Amino acid sequence: VMIRNIAPLEIRKMIYEGIFKSVLTYCMPLWGGLSKSEMEDLQVMQNKAIRAVLKKPHRANRNEMYTSSGYLTVRQLIFYHTTLSIYKIKKTKEPEYLYEILSKENIRKNIVIDNTKMKLAKNSFTIRGPENWNLIPHDIRNERVIKTFKTRLKTWILENVPRFI
């Protein structure tokens, strides 16, 4: 018997959070450097896991599943964890070498991004992270309490970052 058929919703959610999502998010700032097909593979796995949590059939609408569950998609999780890492680096000033890169700001208080044409470099944390950071509103960036920052960032992502590639 499959666990999705016998476990209540709260247990299925705990299993998703504890086993699948924790592994998925462990290196989330780095996942952003993946190719489109690799990111799609992760998304397919996450869709299957959420279908099991919600007891949805194979052909269930992805958008409806994510709306009803409140979960972020792989693309949104990458944006969230990358931006959260930038926030933490800017607040703690560590690691120093990343803080040096991220502390270069223009007059609009956006992080100055190195100009590069190399695809590998464009997908790197030091390029993608500042790009994400510069997209979010200043009032969220300036949030002093990390818990409030996380909540406001997630809300902003749900409204502004497309779910799927």
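Residues: numbered from 1 along the sequence shown. Because the structure is predicted, anything quoted here is derived from the model rather than measured.
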Is there any side chain to side chain donor-acceptor pair (under 3.5 Å) pair reaching into residues 133-147, and which pairs are they, with sequence neighbours excluded?
-> Asn110-Arg141, Asp139-Arg152, Glu143-Arg152
Write out all pairs satisfying side chain to side chain donor-acceptor pair (under 3.5 Å) with one or both partners inside residues 46-59, taking only residues at least two apart or from two chains.
-> Tyr16-Gln46, Gln43-Gln46, Gln43-Asn47, Gln46-Tyr66, Asn47-Tyr66
Evaluate the side-chain proximity of [Y] to [X]: yes if any heavy-atom separation is below 4.5 Å, no if none is.
X: Tyr71; Y: Leu54; value: no
X: Lys91; Y: Ile146; value: no
X: Phe79; Y: Leu72; value: no
X: Val53; Y: Ser69; value: no

Can you list every pair that meets salt bridge (charged side-chain N to carboxylate O under 4.0 Å, His left out) and has a residue in residues 6-16, with sequence neighbours left out?
->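 Sorted result for residues 6-16: empty, none.
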Non-hydrogen atoms of Pro130 and Leu102 that approach each other most closely = CG-CD2, 3.6 Å
Does Val44 share a hydrophobic cluster with Met39, counting links as ILVMFWY side-chain heavy atoms below 4.5 Å and allowing steps through other members?
->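 Each belongs to a different hydrophobic cluster.
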Under 4.5 Å between side-chain heavy atoms, hopping through other hydrophobics if needed: is there a path connecting Phe164 to Leu34?
-> yes
What's the separation between atom [atom1] in [X] and atom [atom2] in [Y], rounded to the nearest 0.5 Å?
X: Ile86; Y: Ile101; atom1: CD1; atom2: CD1; value: 9.5 Å
X: Leu98; Y: Ile89; atom1: CG; atom2: CD1; value: 4.5 Å
X: Thr25; Y: His81; atom1: OG1; atom2: NE2; value: 4.5 Å
X: Met14; Y: Leu9; atom1: CE; atom2: CG; value: 11.0 Å
X: Thr148; Y: Leu153; atom1: OG1; atom2: CG; value: 12.0 Å
X: Thr73; Y: Met65; atom1: OG1; atom2: CE; value: 11.0 Å

Hydrophobic cluster (4.5 angstrom, side-chain heavy atoms) - remaining members for Ile113 =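 Once heavy-atom contacts under 4.5 Å are chained together, Ile113 belongs with Ile127.
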Can you name the ring pair (Phe, Tyr, Trp, His ring centres under 6.0 Å) partners of Tyr80, sequence neighbours left out?
-> none
Looking only at atom types and distance, does a side-chain atom of Glu64 sit under 3.5 Å from a main-chain N or O of Asn61, one as donor and one as acceptor?
->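 No; judged by distance alone, with no hydrogens or angles, the pair does not exist.
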Less than 3.5 Å apart, which donor and acceptor atoms pair up between the side chains of residues 154-161 and the rest of the protein, not counting sequence neighbours?
{"residue": "Lys154", "atom": "NZ", "partner": "Gly70", "partner atom": "O", "Å": "3.2"}
{"residue": "Thr155", "atom": "OG1", "partner": "Thr151", "partner atom": "O", "Å": "3.0"}
{"residue": "Asn160", "atom": "ND2", "partner": "Trp156", "partner atom": "O", "Å": "2.8"}

Partner residues of Lys90 under the salt bridge (charged side-chain N to carboxylate O under 4.0 Å, His left out) criterion, sequence neighbours left out | Glu105
Taken in chain and number order and not counting sequence neighbours, the residues that satisfy salt bridge (charged side-chain N to carboxylate O under 4.0 Å, His left out) with Lys21 are Glu17
Could I get the full list of side chain to side chain donor-acceptor pair (under 3.5 Å) partners for [X], not counting sequence neighbours?
X: Ser68; answer: none
X: Arg163; answer: Asn63, Thr67
X: Ser37; answer: Ser35

Start with the C-alpha distance between Asn132 and Arg128, add both sets of side-chain angles, then the distance that settles side-chain contact (heavy atoms from CB on, under 4.5 Å), and finish with yes or no.
-> CA-CA 6 Å; Asn132 291 358; Arg128 188 184 67 258; 4.3 Å; yes
Qualifying ring-ring contact (aromatic ring centres under 6.0 Å, His included) pairs, either residue in residues 83-117, two or more places apart | Tyr87-Phe149
